[in-house]
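First up is the structure itself, then whatever we jot down about it.
We name chains A, B, ... by the order of the sequence lines, and we start the count at 1 in each one. The shown structure was predicted, so the numbers you read here are calculated from the model rather than taken from an experiment.
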Protein chains: 4
Amino acid sequence: MSIEADVKTRGKREETKANNRQAILDAARRVFAELGYGATTVRDIIRATDLASGTFYNYFKSKEEVFQALQDDTALRVRPRLRAERIRAATFEEFIAGTFRTFFDFVKNDQTSLATMRRNPELQRMRIDTPEVIAGFEELRADLETAIRNGVMPDTDADLLMAAMVGVAFEVANHMISRSDVSAQDAAEFATALFLGGVHALPKRKRPKAT
Amino acid sequence: MSIEADVKTRGKREETKANNRQAILDAARRVFAELGYGATTVRDIIRATDLASGTFYNYFKSKEEVFQALQDDTALRVRPRLRAERIRAATFEEFIAGTFRTFFDFVKNDQTSLATMRRNPELQRMRIDTPEVIAGFEELRADLETAIRNGVMPDTDADLLMAAMVGVAFEVANHMISRSDVSAQDAAEFATALFLGGVHALPKRKRPKAT
Amino acid sequence: MSIEADVKTRGKREETKANNRQAILDAARRVFAELGYGATTVRDIIRATDLASGTFYNYFKSKEEVFQALQDDTALRVRPRLRAERIRAATFEEFIAGTFRTFFDFVKNDQTSLATMRRNPELQRMRIDTPEVIAGFEELRADLETAIRNGVMPDTDADLLMAAMVGVAFEVANHMISRSDVSAQDAAEFATALFLGGVHALPKRKRPKAT
Amino acid sequence: MSIEADVKTRGKREETKANNRQAILDAARRVFAELGYGATTVRDIIRATDLASGTFYNYFKSKEEVFQALQDDTALRVRPRLRAERIRAATFEEFIAGTFRTFFDFVKNDQTSLATMRRNPELQRMRIDTPEVIAGFEELRADLETAIRNGVMPDTDADLLMAAMVGVAFEVANHMISRSDVSAQDAAEFATALFLGGVHALPKRKRPKAT
DNA sequence: CATGAATGAGAGTTCATTCAT
DNA sequence: GATGAATGAACTCTCATTCAT
């Protein structure tokens, strides 16, 4: 190995490492989508790669860890879009509508992430508790709480509200995927109308709205 | 050996068989709830029983099969209650309210069934496609369609509506379970208000409701 | 159960026992022929019967034991024919010819017994050491020794001679079965000519034939 | 790591692999000889080795596969000797004599290969249909056909002739093994005399031998 | 004596993980 | 850091056998 090669090695190494990590993540996404999380083995993931079995353990400790990383990776790609949407929104209604639209668009264009759930006899939808995902949910809840504080929506339990919104979003997304005649636009309009209508009909809780 | 004896003989055998089958189902429910479906092995289930390993295979062919049986078993217990509720309901509003209340009550009192989902890094909620479960969903959708046909609710896509209702129900149930300060009653009221409000706010599709 | 029935029970029992034993033997012969000895399980044999699994053990201790019984059964059917042939034979040549002809006829008409060997990745031919089978071989060797003592054939090692005769018989039978254009007659003529020719060409051993 | 090191690395790995494969084959040969093919389990083979259970499956998929490999291995060792013998033979008689002698010598010195059959309640002799073994038989038949074509032996069915020769060889070998007073030399002389005598006594089929 | 469910040893096999190269 | 064979615990499942009915 020449000195020149050695000089560049550091840079190349880093690059290779990043590539390998990404190769594993990509393979995992594909394999999870095909076999389902439970049925997938670390071997399956490595086989879908041109790396050696031992190499896997230089990057991840277990199947769980790749899965988590995959979740974070997905959340990392959605959150900026949702954040942009939130900033753009002038009213509460626009915020809700934008959030739903962004979510359904994402799901439509990133099939594998949700395909994973469909294929799966055991997964209904991806478990949602990696740091990144939780952070995304927290942002949503914070926004709902702000809306409540600002009096633009009735004073209800923000947790339950978030749960309802998330439930509608994921379940409708599921149907959208399995039925070709429902566009992201359709899904978003339906969910928005339902949810906003529901929110406005909710009874106030306790804290009276300040005049 | 008298004929009477024969009758009793068959009776005892049959009884033991029924007991064993139930013992396996019960053990499976507990173990799935504790370890999650994917992590559970057939051995785990047998270990939670006082039967021998081979005995499992006299009743079920695989882990999948017990799981399916468990699903059906659960659906079989909820459906009659929901059906009763539906019959009792005089108005569409009562139907929705009754359905949510029944569901949350059931979940509250039958923790394991849903606990199973919580613990699970892979399951969000139980996969919903055994015959019994699908039948339950179909009943719900049929009712929604009837309501639409009778003009008591806007003419929207019954599939999406069912999805939304199911999404709200399961996700809110999840939150109810993880938070001790939310009663089944609270959850039902919240879900009912949100959903009914949302439904009424939905835009008409084609057939205008008669004034 | 009436008194009359009881009276006849003893006789019937014996009959049933014999029937069951035979049913198991027949089933075993069929199953061995289909699956091969090694692959066959006791379960397979019972399944081919309309008896219950436990009943098997009232008649045989193991798969091996049925197999032995089957061997004996077969030997028991061939030996009388061979003995008759031996008695009828006026000369040594007729004895050999008759023996081969009888053997090949039997194999041709009792396919299963040999089909068992053919199908079998592990059996070349049936193991030949149940009492009945050994007895059959002993008879053959005794006859060969008598022939030697009587000077109608060269004085050679009767053991080796028997081995050669048996080897030719079984191996040629194998070919006869797998090729439809070879009749029992053909096989017998070939084997007889070869064996007799060979025997006459054998060098004398020690005991000079008395003039 | 230098290039030299690399070379050695590969060398060591390859060597270990070859050793392990051979270790498994050797163990299998011993265990088959002791317990018989049917009674032998994969675990038995591994136990006779200092390898771990999983390692077996890096080399063979099943017990059958080791057995086949063993067969081929044996055939691979005999065939060259038989071929050499055939080339050396100046006459048909020498060819037959040489073949028998080589075969009995081999069996005498490579006990295990045939011991396997003896011990076996199910195996009379090793099943003979791996590619290598069949090839060996085909060579023999081709030689017999050549001999017939050249008129050095009567024009008979080469298949049956081969069967007879094989039958004599294996059966006599069996007796040789179980009786200590029969040398390979004795067996070969006996078999050669018998077989050659027999062949010369066979009736002509169609093509009359030129005077 | 027939029955057939229960038993549990053990066979075959897979897999996450380690570690010499 | 990459490699891939070795490891052995653990899993699924089958089967001969027993024994209450």
Side-chain angles (χ1 to χ4, degrees), chain A residues 9 12-14 16-17 20 40-46 49-64, chain B residues 1 5-17 19-21 40-46 49-63, chain C residues 9 12-14 16-17 20 40-46 49-64, chain D residues 1 5-17 19-21 39-46 49-64:
Chain A
T9 295
K12 267 200 178 157
R13 281 247 174 121
E14 298 291 309
T16 305
K17 276 180 65 174
N20 283 350
T40 298
T41 68
V42 172
R43 274 166 123 81
D44 291 326
I45 300 175
I46 309 168
T49 263
D50 52 2
L51 300 172
S53 57
T55 307
F56 179 89
Y57 294 90
N58 293 334
Y59 296 95
F60 301 98
K61 264 212 296 285
S62 66
K63 181 173 73 161
E64 278 73 24
Chain B
M1 199 181 282
D6 244 324
V7 167
K8 281 193 188 164
T9 293
R10 181 160 320 146
K12 198 155 193 180
R13 282 251 175 117
E14 297 289 306
E15 195 190 341
T16 306
K17 276 180 68 173
N19 285 346
N20 284 346
R21 197 191 136 88
T40 298
T41 69
V42 172
R43 268 172 131 76
D44 291 327
I45 300 176
I46 312 165
T49 263
D50 52 1
L51 300 172
S53 62
T55 305
F56 178 89
Y57 293 93
N58 290 338
Y59 294 94
F60 301 98
K61 269 213 289 290
S62 64
K63 182 175 72 162
Chain C
T9 295
K12 267 201 176 156
R13 280 247 173 123
E14 297 293 309
T16 305
K17 275 179 66 173
N20 284 348
T40 297
T41 68
V42 172
R43 273 166 124 80
D44 291 327
I45 299 175
I46 308 167
T49 263
D50 52 3
L51 300 171
S53 57
T55 307
F56 179 90
Y57 294 91
N58 292 333
Y59 296 94
F60 300 99
K61 265 213 297 286
S62 65
K63 182 172 73 162
E64 277 73 23
Chain D
M1 198 183 283
D6 243 324
V7 166
K8 280 191 187 166
T9 293
R10 180 158 322 145
K12 199 156 196 184
R13 281 255 175 113
E14 296 290 305
E15 196 190 340
T16 306
K17 277 180 67 173
N19 286 346
N20 284 346
R21 198 191 135 89
T40 299
T41 69
V42 172
R43 276 169 127 80
D44 291 328
I45 300 176
I46 312 166
T49 264
D50 53 0
L51 300 172
S53 62
T55 305
F56 178 89
Y57 294 92
N58 291 337
Y59 294 93
F60 301 98
K61 267 212 291 289
S62 64
K63 183 173 72 164
E64 277 74 23

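- Applying the side-chain contact (heavy atoms from CB on, under 4.5 Å) criterion to D:T40, with sequence neighbours excluded, gives D:V31, D:F32, D:L35, D:D44, D:I45.
- Distance, B:E15 CD to E:dA6 C1': 16 Å, rounded to whole Å.
- What separates CD1 of A:I45 from P of E:dC15 is a distance of 12 Å, to the nearest Å.
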Please produce a list of atom pairs where a protein N or O lies less than 3.5 Å from an N or O of nucleotides 14-16 of chain F.
| unit_1 | atom_1 | unit_2 | atom_2 | d |
| --- | --- | --- | --- | --- |
| F:dA16 | OP1 | C:V42 | N | 2.9 |
| F:dA16 | OP2 | C:V42 | N | 3.2 |
| F:dA16 | OP2 | C:R43 | N | 3.2 |
| F:dA16 | N7 | C:R43 | NH1 | 3.4 |

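- The separation between B:I46 atom CD1 and F:dC13 atom P is 10 Å, rounded to whole Å.
- Paired runs in DNA chain F that reach 3 or more consecutive Watson-Crick or G-U pairs, where each pair keeps both distances under 3.5 Å, cover E:2-21 with F:2-21.
- C:F56 has its CZ atom 12 Å from the P atom of F:dT18, to the nearest Å.
- Legend: residues meeting side-chain contact (heavy atoms from CB on, under 4.5 Å) with D:L51, ordered by chain and number and at least two apart, are D:N20, D:I24, D:T49, D:T55.
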D:V42 vs D:Y57, side-chain contact (heavy atoms from CB on, under 4.5 Å): CA-CA, chis, key distance, verdict: CA-CA 10 Å; D:V42 172; D:Y57 294 92; 3.8 Å; yes
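- Pairing each heavy atom of B:R21 with each of B:Y59, the nearest pair is CB-CD2, 4.0 Å.
- Residues satisfying the side-chain contact (heavy atoms from CB on, under 4.5 Å) criterion with A:R43, sequence neighbours excluded, are A:T41, A:R47.
- Computed from coordinates, the B:N19 CG to E:dA5 P distance equals 15 Å when rounded to whole Å.
- When the C1' atom of F:dT3 is taken as reference, atom CD of D:E14 falls 13 Å away, rounded to whole Å.
- Contacts of C:Y59 with the nucleic acid, taken as non-hydrogen atoms under 4.0 Å apart, involve only primed sugar atoms and P, OP1 or OP2.
- Sorted by first and then second residue, the pairs that involve residues 50-62 of chain D and meet salt bridge (charged side-chain N to carboxylate O under 4.0 Å, His left out), not counting sequence neighbours, are D:K61-D:E65.
- For C:A52, counting side-chain heavy atoms from C-beta on, the closest listed nucleotide (F:dA6, E:dG4, F:dC13) is E:dG4.
- Between A:N20 and F:dG1 there is no side-chain polar atom (N or O) within less than 4.0 angstrom of OP1 or OP2.
- Atom CG of A:N58 and atom P of F:dA2 are 5 Å apart (whole Å).
- Distance CD (D:E64) to C1' (E:dG12): 11 Å, rounded to an integer number of Å.
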